Protein chains: 2
Amino acid sequence: MGAKRLAGRQRGVTLADVALLAQVSEITVSRILRNHGPIGADTRERVMAAVRETGYVPNRLAGGLASSGSKLVGVIVPSLTNIVFPEVLGGIRSALEGTGFQAVIAVSDYDLDTEQELIASLLAWKPEAMVIAGLDHTDMARAMLVGSGVRIAEVMEIDSQPIDLAVGLSHRQAGFDTGQYLLGRGYRRFGYVGHDWTSDHRARLRHDGLVAALGEAKVELVETCRFEGPSSIGAGRDMLAQILARRRDLDVVVFSNDDMATGGVFHCLGAGIKPKQDLALFGFNGLDVGQALPTPLSTVRSNRFLIGKTAIEKLLGQRERPETREIIDTGYEIITGATA
Amino acid sequence: MGAKRLAGRQRGVTLADVALLAQVSEITVSRILRNHGPIGADTRERVMAAVRETGYVPNRLAGGLASSGSKLVGVIVPSLTNIVFPEVLGGIRSALEGTGFQAVIAVSDYDLDTEQELIASLLAWKPEAMVIAGLDHTDMARAMLVGSGVRIAEVMEIDSQPIDLAVGLSHRQAGFDTGQYLLGRGYRRFGYVGHDWTSDHRARLRHDGLVAALGEAKVELVETCRFEGPSSIGAGRDMLAQILARRRDLDVVVFSNDDMATGGVFHCLGAGIKPKQDLALFGFNGLDVGQALPTPLSTVRSNRFLIGKTAIEKLLGQRERPETREIIDTGYEIITGATA
DNA sequence: CCGCCAAATGACAGCGCTAACATAAACGCC
DNA sequence: GGCGTTTATGTTAGCGCTGTCATTTGGCGG
């Protein structure tokens with residue numbers, strides 16, 4: 001009659017239920033489930049049977065609260081539809097595998113205020129570490145991160161100072177090397193096709209690096225075309241059409257990334273322009289789509305998977321926020337391809 | 001001396017700290033932060049100031065435990081690199097916006113055992129609802145889901161019976177309609193290029209639907225080529241080359257999806273085959289990449305964003321697991337394109 | 001056969017929060 | 001002006017688990 005808990009499943013199976021069935025105390029069950037401390041073989045057997053019988057699922061909220069350790073890693077990326085971020089997540093997943101940690105992914109939509117809200121929201125889950133794409137945050141966001149004491153990795157770029165740890169590549173340098181590579185190939189009449197860089201700040205860094213390299217050789221970007229929106233294949237196609245309508249004498253067009261550049265190749269294919277021969281095209285990222293083109297895209301390969309993997313390995317390898325900043329350069333390489 | 005908690009930040013700011021500073025009880029702070037119950041204007045002011053001053057971040061683990069409601073939605077998708085799933089997640093995010101719910105995303109890698117583990121792991125967070133791609137699960141997984149009492153939506157396909165709610169489209173029907181469409185256009189010598197369907201079970205459904213439609217018209221699939229691995233543009237390109245090497249007389253090739261079909265178009269472009277004129281190509285999904293091609297892909301548009309959005313809206317609209325199953329057909333449409 | 005140690009188990013408090021029930025003022029209303 | 005009623009706040013008792021101490025048992029050397 002005085003049942004402490006209504007019959008059956010209403011409130012869910014708890015440790016207490018399992019302990020009762022297995023004739024041991026709750027803490028013993030808890031220890032067995034976490035492989036913690038010495039346990040008699042028969043007891044373990046009995047408890048595991050009870051777990052199976054009851055279909056017990058531990059409550060991580062309670063566990064995390066009691067042990068003040070959630071086994072969560074917060075991740076904030078600006079987008080999931082831009083394939084580079086899922087690839088970073090792939091690296092994160094691979095490094096998390098078998099560690100008992102679980103990633104919580106949030107998407108900021110390239111908006112720093114949204115990012116700030118997400119940081120607050122994720123910190124509320126008491127993650128043990130946090131990975132955030134980019135080095136650029138609101139002051140408030142930075143303060144919350146520092147104040148939380150959580151280990152932070154900022155990934156993708158290493159062009160400015162991180163809070164603790166940055167893992168990625170120098171986009172400015174990548175842009176610069178792109179310029180040098182193309183100059184070395186003899187191109188002199190440069191066009192640039194980009195997308196909205198108020199949101200994609202790294203695209204701007206690459207652009208600036210490119211301009212710097214050209215400047216050193218006294219070469220100018222003769223025409224620039226920027227799409228006011230996120231990068232996409234369609235935008236790349238349209239923008240190339242547009243820039244070519246303005247200047248017919250370009251010998252190379254550098255795109256803000258591979259999506260845009262792939263669109264550029266599509267425009268060429270449709271308009272009967274032979275890539276490289278008539279007009280050289282250059283991208284950034286080394287995406288599959290670009291490499292599968294009839295004329296594989298000349299581009300820069302960024303190691304997205306490695307970035308995610310490295311960030312997590314580094315974070316889980318330390319128990320506290322580190323004293324000193326660290327910057328890990330995962331590098332990049334120019335893919336020669338067939339378009340430049 | 002007898003400080004209950006070490007000075008400063010060591011253990012983090014709690015409700016108690018804020019309450020103390022604002023000269024109110026903890027519950028008042030809690031209520032204010034959740035907009036719950038009537039609050040005096042001056043009290044609210046005072047408390048909010050204290051929150052700001054202390055930099056208080058609520059502990060959701062504790063909150064969820066106390067209220068047995070985590071404000072989490074678990075999501076399991078087979079992949080993030082296949083762009084259709086990020087698009088579903090986009091719909092989920094959009095529906096979750098402003099509800100205070102947070103999605104926890106897990107990736108099963110097209111493996112049902114992994115999926116089962118993920119389900120266990122996500123249920124441990126006591127989510128209020130769960131979205132899972134696909135209707136196919138291990139018995140154990142299904143049992144856990146049912147036993148948990150959590151509201152479940154199974155998304156993408158509606159070709160068999162869901163646990164509670166299915167949101168998606170009939171892939172078999174889509175395949176069937178593809179067949180009818182192509183027959184109606186006069187094609188008779190069909191080839192099929194696919195990818196590994198032990199993992200991508202929906203691709204197989206579309207294939208079966210296609211074969212059924214052809215069967216009704218006494219037309220046969222004269223050649224089939226399947227890549228033993230996940231779909232990709234590169235695989236599509238290679239497989240089309242392969243199937244054409246075997247049969248030169250095909251007049252249409254149906255691909256398992258747009259990635260594969262895009263690869264097919266690339267092969268054609270490289271080999272001087274004119275899409276539609278020399279060989280018709282047909283995909284599935286209606287991805288941007290296919291539509292941006294010089295010859296926009298003829299394909300079937302699946303409404304990924306809508307699927308995610310609908311699933312969440314439906315789940316959050318109910319407070320309990322429903323008594324009756326429901327199937328929501330988000331439909332699809334054939335895009336005529338320029339390749340078939 | 002005693003004392004001592006390690007192995008195995010348990011009791012208890014408390015993590016930080018919130019539901020549910022008080023309580024205490026302030027406000028009409030006839 | 002007594003009574004119900006709102007509006008604002010507080011008290012109490014957990015949510016389900018785990019850290020920190022006991023406590024119990026058996027083994028074993030002397």
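The sequence lines fix the lettering, A, B, ..., with proteins before strands; numbering per chain opens at 1. Only a predicted model underlies this, so the values are computations on that prediction, with no experimental measurement involved.
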Can you tell me the distance, in whole Å, between the CD1 atom of I39(B) and the P atom of dT18(C)? 12 Å
Just compare dG19(D), dG14(D), dA8(D) and give me whichever is closest to any side-chain atom of P38(B). dA8(D)
Please report the distance, rounded to the nearest Å, between CG in L33(B) and C1' in dA19(C). 17 Å
So, does T99(B) use its side chain to make a donor-acceptor pair with the main chain of L96(B) at under 3.5 Å? yes
The single option from V77(B), T138(B), I132(B) that satisfies side-chain contact (heavy atoms from CB on, under 4.5 Å) with E115(B) is I132(B)
By nearest nucleotide on DNA chain D, pick out whichever of E26(A) and R31(A) is the more 5' one. E26(A)
Taken in chain and number order and not counting sequence neighbours, the residues that satisfy side-chain contact (heavy atoms from CB on, under 4.5 Å) with D111(B) are D113(B), T114(B)
Among dT18(C), dG10(D), dG10(C), which nucleotide has an atom closest to any side-chain atom of S25(B)? dG10(D)
Of the options dC17(D), dC17(C), dT9(C), whose atoms approach the side-chain atoms of L15(A) most closely? dC17(D)
Rounded to the nearest angstrom, tell me the gap between atom CD in Q23(A) and atom C1' in dA8(C). 17 Å
Using whole Å, report how far CG of L20(B) lies from P of dG10(D). 12 Å
Does a nitrogen or oxygen in the side chain of T28(B) sit under 4.0 Å from OP1 or OP2 of dG10(D)? yes
Enumerate the protein-to-nucleotides 3-5 of chain D contacts in which both atoms are nitrogen or oxygen and the separation is below 3.5 Å.
none

Can you name the closest pair of heavy atoms from R151(A) and Q318(A) and give their distance? NH2-O, 2.8 Å
Check: R142(B) and I163(B) side chains under 4.5 Å, non-hydrogen atoms: yes
Whole-Å distance separating the NE2 atom of H36(A) from the C1' atom of dC17(D): 13 Å
So if I take every side-chain heavy atom of A66(A) and compare against dC17(D), dC15(D), dT18(C), which nucleotide ends up nearest? dC17(D)
Note: for L65(B) and S30(A) on DNA chain D, the residue whose nearest nucleotide lies more 5' is L65(B)
Name the closest nucleotide to the V24(B) side chain, picking from dG16(C), dG10(D), dT18(D). dG10(D)
For a quick check under 3.5 Å, do Q161(B) and R325(B) share a side-chain donor-acceptor pair by atom type? yes
Name the closest nucleotide to the T43(B) side chain, picking from dG10(C), dC17(C), dT9(D). dT9(D)
Reckon L61(B) touches a base, only the sugar-phosphate, or nothing at all at heavy-atom distances under 4.0 Å? nothing
Please report, rounded to the nearest Å, how far the P atom of dA22(D) is from the CD1 atom of I27(A). 16 Å
In Å, rounded to the nearest 0.5 Å, how long is the span from CZ of R31(A) to CG of L33(A)? 12.5 Å
Nucleotide dC15(D), atom P - distance to NZ of K126(B) in whole Å: 13 Å
Testing dT18(C), dT18(D), dA11(C) for proximity to the side chain of R34(B), the answer is dT18(C)
Between D109(A) and R93(B), is the closest basic N to carboxylate O distance under 4.0 Å? yes
Spacing of N59(B) atom CG relative to dC15(D) atom P, expressed in whole Å: 18 Å
